[in-house]
Amino acid sequence: LEKWYASVNLDVVKATRYASAYRATDEFKELFDGLVDPTKVLECADLTLEKIHKLPKDYKEEVMAEVAVGNVPTSKEITELSQKPEVKLSKAEELLAAAYERKAKADAKWEEVKADPETDCRSPEYKNAQAAVRDSGRATANYEQQIADLQTQVEEEKSKAADAEAR
């Protein structure tokens with residue numbers, strides 16, 4: 001794939017940006033199919049669309065609704081939005097849900113491999129299943145820790161805001 005990118009004078013970063021921008025426009029079409037002119041989303045820059053695509057689902061839909069009514073955000077605004085602890089927490093929760101799904105699949109595969117008497121413990125299938133269980137367990141633990149840290153950060157910001165409002 002990288003050789004093909006080079007053949008059309010495109011680097012990997014830009015290709016990834018274009019792919020994310022395409023996915024964001026595709027999601028926009030699905031979200032507002034028949035309700036809003038699909039070319040509305042093309043008012044956004046590719047970098048902005050890439051950043052919108054990386055937002056958590058609920059925030060992404062909110063930003064897309066703003067684009068649909070003609071309020072096109074800048075890349076800087078999306079970056080600021082993505083740096084908010086609430087947004088980071090929402091994204092971490094989405095990633096944790098996906099990690100739980102991967103863990104469930106890895107556990108099922110591990111049980112299947114262990115139960116098969118013809119699978120040797122030195123086989124690649126056995127080792128891959130074992131590694132998938134270990135890695136998915138680490139991933140879920142990491143996301144759970146991130147969520148705990150972000151929840152603490154959100155609570156601190158809420159208390160600071162409440163203190164500032166009280167003053």
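From a predicted model like this one, the values you see are computed outputs, not experimental measurements.
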- First locate atom NE2 of His53, then atom CE of Met64, and finally report the distance between them rounded to the nearest 0.5 Å. 9.0 Å
- Message: Which residues pass the side chain to side chain donor-acceptor pair (under 3.5 Å) test with Thr16, not counting sequence neighbours?
- Response: none
- Same cluster for Leu31 and Leu42 if Ile/Leu/Val/Met/Phe/Trp/Tyr side chains link at under 4.5 Å? yes
- Find out whether Glu144 and Tyr100 are in side-chain contact, i.e. whether some heavy atom of one side chain is under 4.5 Å from a heavy atom of the other. yes
- Co-membership, hydrophobic cluster, residues Val13 and Val8, 4.5 Å side-chain: no
- Message: Run the ring pair (Phe, Tyr, Trp, His ring centres under 6.0 Å) test against Tyr126 and tell me which residues pass, sequence neighbours left out.
- Response: Trp110
- Message: In the structure I gave you, are the side-chain heavy atoms of Ile52 and Phe28 within less than 4.5 Å of one another anywhere?
- Response: no
- Item | Residues Glu125 and Lys109 bridged, charged N to O under 4.0 Å | yes
- Task: For Val113 and Ala129, work out which heavy atoms get closest and say how close.
- Result: CG2-CB, 3.9 Å
- Message: Donor-acceptor check, side chain of Thr140 to backbone of Ser136, threshold 3.5 angstrom: yes or no?
- Response: yes
- Task: Find the distance between CG (Asp135) and NZ (Lys103) and round it off to the nearest 0.5 Å.
- Result: 11.0 Å
- Task: For residues Arg102 and Lys105, determine if any side-chain heavy atom of one lies less than 4.5 Å from a side-chain heavy atom of the other.
- Result: no
- Task: Evaluate the side-chain proximity of Glu77 to Thr74: yes if any heavy-atom separation is below 4.5 Å, no if none is.
- Result: yes
- Hey, mind stepping through Val67 and Glu43 against side-chain contact (heavy atoms from CB on, under 4.5 Å) and telling me if it holds? CA-CA 8 Å; Val67 171; Glu43 295 173 11; over 6 Å; no
- Item | Least distance between heavy atoms, Phe32 atom then Ala65 atom | CZ-CA, 3.6 Å
- For Tyr59, what residues pass the ring pair (Phe, Tyr, Trp, His ring centres under 6.0 Å) criterion, not counting sequence neighbours? none
- Message: Looking only at side-chain N and O atoms, does Gln145 offer a donor or acceptor that is under 3.5 Å from a partner on Asp149?
- Response: yes
- Message: With salt bridge (charged side-chain N to carboxylate O under 4.0 Å, His left out) as the rule and sequence neighbours excluded, what pairs involving residues 9-19 come up?
- Response: Arg17-Glu50
- Would you kindly confirm whether Val12 and Tyr18 end up in one hydrophobic cluster when ILVMFWY residues are joined by side chain heavy atoms under 4.5 Å apart? yes
- Any Asp107 side-chain heavy atom under 4.5 Å of Glu111 side chain: no
- Task: Dump the intermediate steps for side-chain contact (heavy atoms from CB on, under 4.5 Å) on Gln146 and Asn142, then the final yes or no.
- Result: CA-CA 6 Å; Gln146 280 182 352; Asn142 286 341; 5.7 Å; no
- Given the rule in the side-chain hydrogen bond (donor to acceptor under 3.5 Å, both in side chains) test, do Asp120 and Ser123 qualify, once you have shown the distances and angles that lead to the verdict? CA-CA 5 Å; Asp120 183 33; Ser123 72; 6.0 Å; no
- Query: Could you give the distance from OG1 (Thr25) to CZ (Arg23), rounded to the nearest 0.5 Å?
  - Reply: 10.5 Å
Would you list the atom pairs, donor with acceptor, under 3.5 Å between side chains in residues 85-98 and any protein atom, with sequence neighbours excluded?
| residue | atom | partner | partner atom | Å |
| --- | --- | --- | --- | --- |
| Ser90 | OG | Asp58 | OD1 | 3.2 |
| Lys91 | NZ | Lys54 | O | 3.2 |
| Glu94 | OE2 | Lys57 | N | 2.5 |

- Query: Roughly how far, to the nearest 0.5 Å, is NZ of Lys60 from CD1 of Ile78?
  - Reply: 11.5 Å
- Query: Do the side chains of Ser20 and Leu49 get nearer than 4.5 Å, heavy atoms only?
  - Reply: no
- Task: State whether the side chain of Asn128 and the backbone N or O of Pro124 hold a donor-acceptor pair below 3.5 Å, judged by distance alone.
- Result: yes
- Linking I/L/V/M/F/W/Y whenever their side-chain heavy atoms sit closer than 4.5 Å, directly or via other members, would Val36 and Val69 fall into one cluster? no
- Task: May I have the step-by-step check of side-chain hydrogen bond (donor to acceptor under 3.5 Å, both in side chains) for Lys51 and Thr79, ending in yes or no?
- Result: CA-CA 7 Å; Lys51 290 178 180 184; Thr79 300; 2.7 Å; yes
- Query: Excluding sequence neighbours, so at least two apart, what forms side chain to side chain donor-acceptor pair (under 3.5 Å) with Asn71?
  - Reply: Glu66
- Task: Treating Ile, Leu, Val, Met, Phe, Trp and Tyr as nodes and any side-chain heavy-atom pair under 4.5 angstrom as an edge, say whether Ile147 and Leu55 lie in one connected cluster.
- Result: no
